[in-house]
Protein chains: 2
Amino acid sequence: MNKKRTTLKDIANVLSISTAAVSKALNDDARISVKTKKAVKQVAKELNYQPNHLASALRKGKSNLVGVIVPRTNSSFFSSVVENMEEVLNKAGYNIIITQSNESFEKECKNIDALLYTQVDGIIASMANETVDLSYYEKIKSYGIPLILFDRGENDLNVDYVGIDDYKSSHMIVDHLVSQGCKRIAHIGGYRRTRIFNNRIRGYIDAIKKHDLPHDDELLIESSLTLEDGRQQIEKLLALKNRPDAVYVASDYAALGSLQVLKEKGIKVPEEIKLVGFGNEPFTSLVTPSITSINQHSEQIGKLAAETFLGYLERDVVVQSLNKIILDSELIVRSSSE
Amino acid sequence: MNKKRTTLKDIANVLSISTAAVSKALNDDARISVKTKKAVKQVAKELNYQPNHLASALRKGKSNLVGVIVPRTNSSFFSSVVENMEEVLNKAGYNIIITQSNESFEKECKNIDALLYTQVDGIIASMANETVDLSYYEKIKSYGIPLILFDRGENDLNVDYVGIDDYKSSHMIVDHLVSQGCKRIAHIGGYRRTRIFNNRIRGYIDAIKKHDLPHDDELLIESSLTLEDGRQQIEKLLALKNRPDAVYVASDYAALGSLQVLKEKGIKVPEEIKLVGFGNEPFTSLVTPSITSINQHSEQIGKLAAETFLGYLERDVVVQSLNKIILDSELIVRSSSE
DNA sequence: TATATTTGTTTAATCGATTAACCAAAAGTA
DNA sequence: TACTTTTGGTTAATCGATTAAACAAATATA
């Protein structure tokens, strides 16, 4: 019942030729006659031959698999990035293995091990927020396979990186809020140890200074940026003697949490407080009021990361260096800030 | 630079024993002395040995990989299912390969081929809405590896299935709406060719009859259930001479689309029209008004699907049959319907 | 002491595809 | 004709781990 799969040998037997000839015929080797090729392909089709990937990968030392690690797939940004990566890689004959870290360092390490174990030819990853210890990423490098980071990267790893200009994005947001007449702009950011959040914070601070606005310590908060964080941190800002008139939240999820609290307390957005998120998650346009946010060009990021990986294929020794591709972001203005 | 990976042979050379002994030592074979085992493990650690999965998988005829196909990862339902599957499978020594069909039949076929090519030991899938032709799924079965379907299944395939009781869920929704005083309940459903949507439609119709309410053809609409569909179909319902006082939408995304239109038109929800979605996506609790929906127990579905797969490991011949695990769903009542 | 059993390991085959090296026959060339 | 080149393959090794079968040495048993 559980019929054995067809192998090269089966085809070879039918035609009374060697398996080598069959292999070459299927791979369109120049040294095989057109006649033989035709016959081989014909029999292969008849016997429903499917190459055994494990065998060829073992022999060739190449699996044609690329591992992808994302904090979570359940986010339109990451899912769009992955989709676009897949498209590019599929075209080049690669399949991808998606894993999610759920923002957990431990899970991320397990994923890395699982991917290396599966003998992927490269890894494209966006780091978990928790991750500080880079040893597992160093391990990838020590395997001699390309490692490409996107969105959540780390300079110290000295590998390729694709992402947007977070520093500049903060400027765009602050500039916009100032143009809307805001004078006291708060920032609910991520933790500085994560590069992208640090850049957003630096951008925020510099932009505030640029506009000669108060750079008040109490207006800058670091958090994990979950929805719940957004709720808690806005409460802190609302409790201030001198409330802000605008809040720039470094994640749409947290921004949504903040919006919920503002609505619950009957504070009018954008009239009393203007709100800006980050990431352009679909719900930002769906909630009331819709939330102004930053579009990170997930399609571009996915494609560029995949192409960066493919760029390594031509070289036979992988030597990586810090090589950043920084894309411009786009401010999508919605009701929450105008 | 690109250092060769350590193999069994390297360890064997260091200790001047055979690779067979090394292999057995690492696998804790009873015939290897404790002394040798210790020495082997010691050297393996020193040389940072990592087994080559391709080689062992090829030899054992087992990859310890499970393929997962979902319509999209960018949905809390599917992402939660996958997460829970992964947890169960990881514990059993399996890794998963996630692929998404984007609701496209063509992409789904490609994914199936890619997974079979990677020599996965089994496939757990939720079918794309488009999929009618089952030949690619039959192909999986013909490979003799277990196929488990969840959420979007198909009786004709005669394989295991894990999902909720859609028929009963419709009854719960209609019962609830009736208890809120609704007299004209419309249903924006999926296409009947998809089993789950057909069941929801049947449930809707039977529940309507049960309550002696008008079962009006114009109140039942089939669509693709995207957000955009939700917008278009509600327009149709609003254009009716005799408008419904409640709309049960078979997907949260479409429900959201409908809600947007209702709000745009200034129609009060739930006062003028009550609205119920399906799937309990996170945004249902985030939008205003929050949307009543059905929780599908993604955690349970993920775990049970994974366990069903693991159940096949003990048997050496895979013989599958239609074996359904149907879970009860849960109605989460929110502002849009009360 | 002679034989049987156990212990611990080695040898060699194997999984299936690829490929370097080799070779015979056909065709080309001087 | 004699030698070279081209064509179209074949042979055999290889990727790395596993495992059936063989085997030597140590130990037990009669």
Side-chain angles (χ1 to χ4, degrees), chain A residues 2-41 43-44 47-65 93 116-121 143-144 316, chain B residues 2-41 43-44 47-65 93 116-119 121 143-144:
Chain A
N2 198 340
K3 49 184 153 176
K4 279 273 180 301
R5 295 187 198 154
T6 307
T7 68
L8 289 187
K9 208 171 172 180
D10 298 324
I11 301 176
N13 285 342
V14 170
L15 296 167
S16 299
I17 56 175
S18 69
T19 61
V22 176
S23 170
K24 287 178 186 169
L26 291 173
N27 290 304
D28 271 324
D29 187 297
R31 302 301 293 262
I32 299 294
S33 69
V34 177
K35 201 180 99 195
T36 308
K37 279 184 190 171
K38 262 195 184 158
V40 167
K41 286 176 185 171
V43 174
L47 298 184
N48 187 29
Y49 169 73
Q50 307 282 142
N52 185 318
H53 166 254
L54 297 174
S56 74
L58 172 62
R59 179 59 231 256
K60 292 199 286 195
K62 195 161 168 303
S63 66
N64 274 50
L65 291 172
L116 291 177
Y117 175 66
T118 315
Q119 313 287 128
V120 293
D121 291 341
Y143 263 59
D316 29 81
Chain B
N2 198 340
K3 49 184 152 178
K4 279 271 179 304
R5 294 188 199 154
T6 308
T7 69
L8 288 188
K9 208 172 172 181
D10 299 324
I11 301 177
N13 285 342
V14 170
L15 296 168
S16 299
I17 56 175
S18 69
T19 61
V22 176
S23 170
K24 287 179 186 168
L26 290 173
N27 290 304
D28 272 324
D29 188 297
R31 303 297 293 263
I32 298 293
S33 70
V34 178
K35 202 180 99 197
T36 307
K37 280 184 190 170
K38 261 194 184 160
V40 167
K41 285 176 185 172
V43 175
L47 299 183
N48 187 29
Y49 169 72
Q50 308 282 145
N52 184 317
H53 167 252
L54 298 173
S56 73
L58 173 61
R59 179 60 232 255
K60 292 198 287 196
K62 195 160 169 301
S63 67
N64 274 49
L65 291 172
L116 292 176
Y117 176 65
T118 316
Q119 313 288 129
D121 291 341
Y143 263 59

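This is a predicted model, so every value here is computed, not measured. First the proteins, then the strands, lettered A, B, ... as listed; each starts at 1.
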Please work out if B:S18 contacts a base, only the sugar-phosphate, or nothing of the nucleic acid, heavy-atom cut-off 4.0 Å.
-> base
Gap separating the CD1 atom of B:I11 from the NZ atom of B:K41, nearest 0.5 angstrom = 11.5 Å
Respond yes when some side-chain nitrogen or oxygen of B:T36 is under 4.0 Å from OP1 or OP2 of C:dG8, and no when none is.
-> no
Once you round it to whole Å, what is the distance between C1' of D:dT10 and NZ of A:K9?
-> 15 Å
Quickly work out the A:L15 CG to D:dG8 P distance and round it to whole Å.
-> 17 Å
Figure out the CD1/P separation between B:I11 and C:dT10, and round it to whole Å.
-> 14 Å
5′-ward residue of the pair A:N52/B:D29 relative to DNA chain C = B:D29
At a cut-off of 3.5 Å, list every protein nitrogen or oxygen paired with a nitrogen or oxygen from nucleotides 18-20 of chain C, distance to 0.1 Å.
residue, atom, partner, partner atom, Å
C:dT18, OP2, A:S23, OG, 3.0
C:dT18, OP2, A:N27, ND2, 3.3
C:dT18, O2, A:R59, NH1, 2.2

What is the distance, rounded to the nearest whole Å, between atom OH of B:Y117 and atom P of C:dG16?
-> 15 Å
Whole Å only: how far is the CG atom of B:D10 from the P atom of D:dC15?
-> 11 Å
Scan A:I17 against the nucleic acid and name what it touches under 4.0 Å (heavy atoms): base, sugar-phosphate only, or nothing.
-> sugar-phosphate
Between atom CD1 of B:I32 and atom CD1 of B:I17, what is the distance when rounded to the nearest 0.5 Å?
-> 7.5 Å
Heavy atoms, side chains only, cut-off 4.5 Å: are A:T7 and A:N52 in contact?
-> no
Spacing of B:K60 atom NZ and B:D121 atom CG [to the nearest 0.5 Å] = 10.0 Å
Between C:dG16 (P) and B:Q119 (CD): distance, integer Å | 9 Å
At what distance, to the nearest 0.5 angstrom, does CG of A:L15 lie from CG of A:D10?
-> 11.0 Å
So, A:D29 side chain and A:R31 main chain: donor-acceptor pair closer than 3.5 Å or not?
-> yes
Could you tell me whether a side-chain N or O of A:S63 sits under 3.5 Å from a main-chain N or O of A:Q119, the two making a donor and an acceptor?
-> yes
Respond yes when some side-chain nitrogen or oxygen of B:T7 is under 4.0 Å from OP1 or OP2 of D:dC15, and no when none is.
-> no
Can you find an N or O donor on one side and an acceptor on the other, under 3.5 Å apart, linking the side chain of A:R31 with the base of D:dG8?
-> yes
Distance, rounded to the nearest Å, where B:D28 contributes CG and D:dT19 contributes P | 14 Å
Check the distance between D:dA17's P and B:R5's CZ and give it to me in whole angstrom.
-> 11 Å
